Amino acid sequence: MSQHALLSAGAKAWRSIPCFRAELRLDLTLGCGQTFRWRETGKDHWTGVMGGRVWTLTQTEDTLWYHVYSSQGGPGLVNGQKRKAGLGPQCSGKRLKGMKDVKEEDDELGLDTVSSVQVEKEEKLLRDYFQLSVKLVDLYKEWSSADQHFNHTGSIFTGVRMLRQDPVECLFSFICSSNNHISRIQGMVERLCNTLGTPLCTLDDTHYHDFPSIQALADSKVEACLRDLGFGYRARFLQQSANLIMSSHGPDWLHSLRSVPYLQAREALRTLPGVGLKVADCVSLMSLEKSEAVPVDTHVWQIAKRDYSCAAGSGQKTLTDKVYNEIGDFFRKLWGPYAGWAHSVLFCADLKKFQNLKEVAIKEEKIVEVVADPEDVSESSRCH
């Protein structure tokens, strides 16, 4: 049986590109809720699906390491045969058959024998996915000089990048996010892919599937199938949005929104069932290259009020469209054209799962204070 790759098992099965942690931290970037398909499958090793392939990523201080697994069939193939658009086997009540382990190579990790052209293609895909052409350290400096609160938080939460995801995956994943939390969204997206997506490979008894196509999601039987899988009212939004895209725009429509202005793209997305301002901004920011998009929910609203004394919506209990836009404009004015990226750093910093980083930073600050001037610290303690 093929297993998840580990760098410690030998670097021969891996390829790499130079990348400092200050430019990318995998744990923060992949775990902050902008994507739902990556899992930590070994200490500091993340496995997920990107570009129709299964990858494991890890990093050292100045290097991003990646391993790409063999697929049992190419894109659009199931066991070597062309996959028909529509419902997966689970929806018809049948168990998924023919799931074969990845062909084991000498290192038993399923590494492809690839040409230099393939290596170049994979590296390009990885750089594009993480938008590595954007110099994050320079952006952090700009935001820190403009915003004292960011200056402190950003020094702890370095390397939080925005992904450039496939728009189809991003849109339908975030339709699942309505009134939901990250771990539950991950489960829903996994069930969606396992049911409707093309099988890719199996590692340590975990089956990996590609994200389903819009054609598959538009099938009239999808809503009932997804309701059976626990999607609730979101099942209708998923199927109806896919059907509307196919009937009114075509399968390439979402990708075409990358070439239109931000507000035009956002309004186009809002014509889809189940897509409000926040989902439209998430998709715009995380897959359509609209770096100025600032997704706002009650959580971000609290950050604006608590840390920036932003008066938008003062006295109101609900986040109206007017308040939503005022908060977004506030942050765009503060942080500039990459406001959505800066917003994601603070959003990440406020997640409970990463609070240990703050605690470590506070302890280190106290140690520095004691070393710098132990007498002053002692006097301060007595005053309290």
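One-based numbering along the sequence shown. Computed from a predicted model, the values in this text were never measured in an experiment.
- Hydrophobic cluster membership differs between L263 and L277, with clusters built from Ile, Leu, Val, Met, Phe, Trp and Tyr side chains linked at under 4.5 angstrom.
- Atom CD of E120 has 12 or fewer neighbouring heavy atoms from other residues, nucleotides or ligands inside a 6.0 Å radius.
- Y69 has its ring centre less than 6.0 Å from the ring centre of H67.
- When the shell of 6.0 Å around NZ of K353 is examined, it contains more than 12 heavy atoms from other residues, nucleotides or ligands.
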Would you sort out whether R39 and E190 count as a salt bridge (Lys or Arg N to Asp or Glu O under 4.0 Å), showing the intermediate values? CA-CA 11 Å; R39 301 289 188 279; E190 183 175 0; 3.6 Å; yes
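- The distance from atom CG of L334 to atom CG of D329, rounded to the nearest 0.5 Å, is 12.5 Å.
- The aromatic rings of H207 and H209 sit perpendicular to each other, their planes meeting at more than 60°, with 30° as the lower class boundary.
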Are R15 and E122 close enough, and set up right, to give a salt bridge (Lys or Arg N to Asp or Glu O under 4.0 Å), and what steps lead you there? CA-CA 10 Å; R15 291 184 282 277; E122 290 169 354; 2.6 Å; yes
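- A salt bridge links R270 with D321: the closest approach of a Lys/Arg side-chain nitrogen to an acidic carboxylate oxygen falls below 4.0 angstrom.
- Distance check: K121 NZ to Q118 CD gives 5.5 Å after rounding to the nearest 0.5 Å.
- There is no path of hydrophobic side-chain contacts, each under 4.5 Å, that joins L7 to F20.
- Closest of all the heavy-atom pairs between R332 and V294 is NH1-N, 3.7 Å.
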Yes or no on side-chain contact (heavy atoms from CB on, under 4.5 Å) for L269 and L288, after CA distance, side-chain angles and deciding distance? CA-CA 11 Å; L269 290 169; L288 299 181; 3.9 Å; yes
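- There is no path of hydrophobic side-chain contacts, each under 4.5 Å, that joins V137 to L24.
- Residue Y338 qualifies as open at atom OH: its count of foreign heavy atoms under 6.0 Å is 12 or below.
- Remark: aromatic rings of H45 and W14 are close, center separation under 6.0 Å.
- When all heavy atoms of I175 and G274 are compared, the pair lying nearest together is CG1-O, 4.4 Å.
- Annotation: the span from Q239 atom CD to F231 atom CZ amounts to 13.5 Å, rounded to 0.5 Å.
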Run K278 and D281 through salt bridge (Lys or Arg N to Asp or Glu O under 4.0 Å) and show every step you take. CA-CA 5 Å; K278 181 201 166 189; D281 267 338; over 6 Å; no
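- Among the candidates T41, D204, T206, the single residue satisfying the side chain to side chain donor-acceptor pair (under 3.5 Å) test with H4 is D204.
- Between W143 and Y140, the ring planes are tilted. Angles from 30° to 60° get that label.
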Checking salt bridge (Lys or Arg N to Asp or Glu O under 4.0 Å) for the pair R161/E23: CA distance, chi angles, key distance, verdict? CA-CA 8 Å; R161 303 190 71 87; E23 287 292 335; 3.1 Å; yes
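- Not a single side-chain hydrogen bond (donor to acceptor under 3.5 Å, both in side chains) links R191 to another residue, sequence neighbours left out.
- Residue L163 holds its CG atom at 8.5 Å from CE of M286, rounded to the nearest 0.5 Å.
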Test side-chain contact (heavy atoms from CB on, under 4.5 Å) applied to S287 and E169, step by step: CA-CA 9 Å; S287 69; E169 176 176 335; over 6 Å; no
Just do the side-chain contact (heavy atoms from CB on, under 4.5 Å) check on R25 and T158 with the steps written out, would you? CA-CA 7 Å; R25 272 194 58 168; T158 58; 4.1 Å; yes
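- Here the straight-line distance linking atom CD1 of I182 with atom NZ of K352 works out to 12.0 Å at 0.5 Å rounding.
- Ring-plane geometry between W55 and Y66 is classed as tilted, the angle between the planes lying from 30 to 60 degrees on a 0 to 90 degree scale.
- To the nearest 0.5 Å, the span separating CE on M162 from NZ on K290 amounts to 14.0 Å.
- For residues 262-281, the set of pairs meeting the ring pair (Phe, Tyr, Trp, His ring centres under 6.0 Å) definition, not counting sequence neighbours, is empty.
- Environment of CZ in F330: crowded, with over 12 heavy atoms of neighbouring residues, nucleotides or ligands closer than 6.0 Å.
- By the side-chain hydrogen bond (donor to acceptor under 3.5 Å, both in side chains) test, R21 pairs with E61, sequence neighbours left out.
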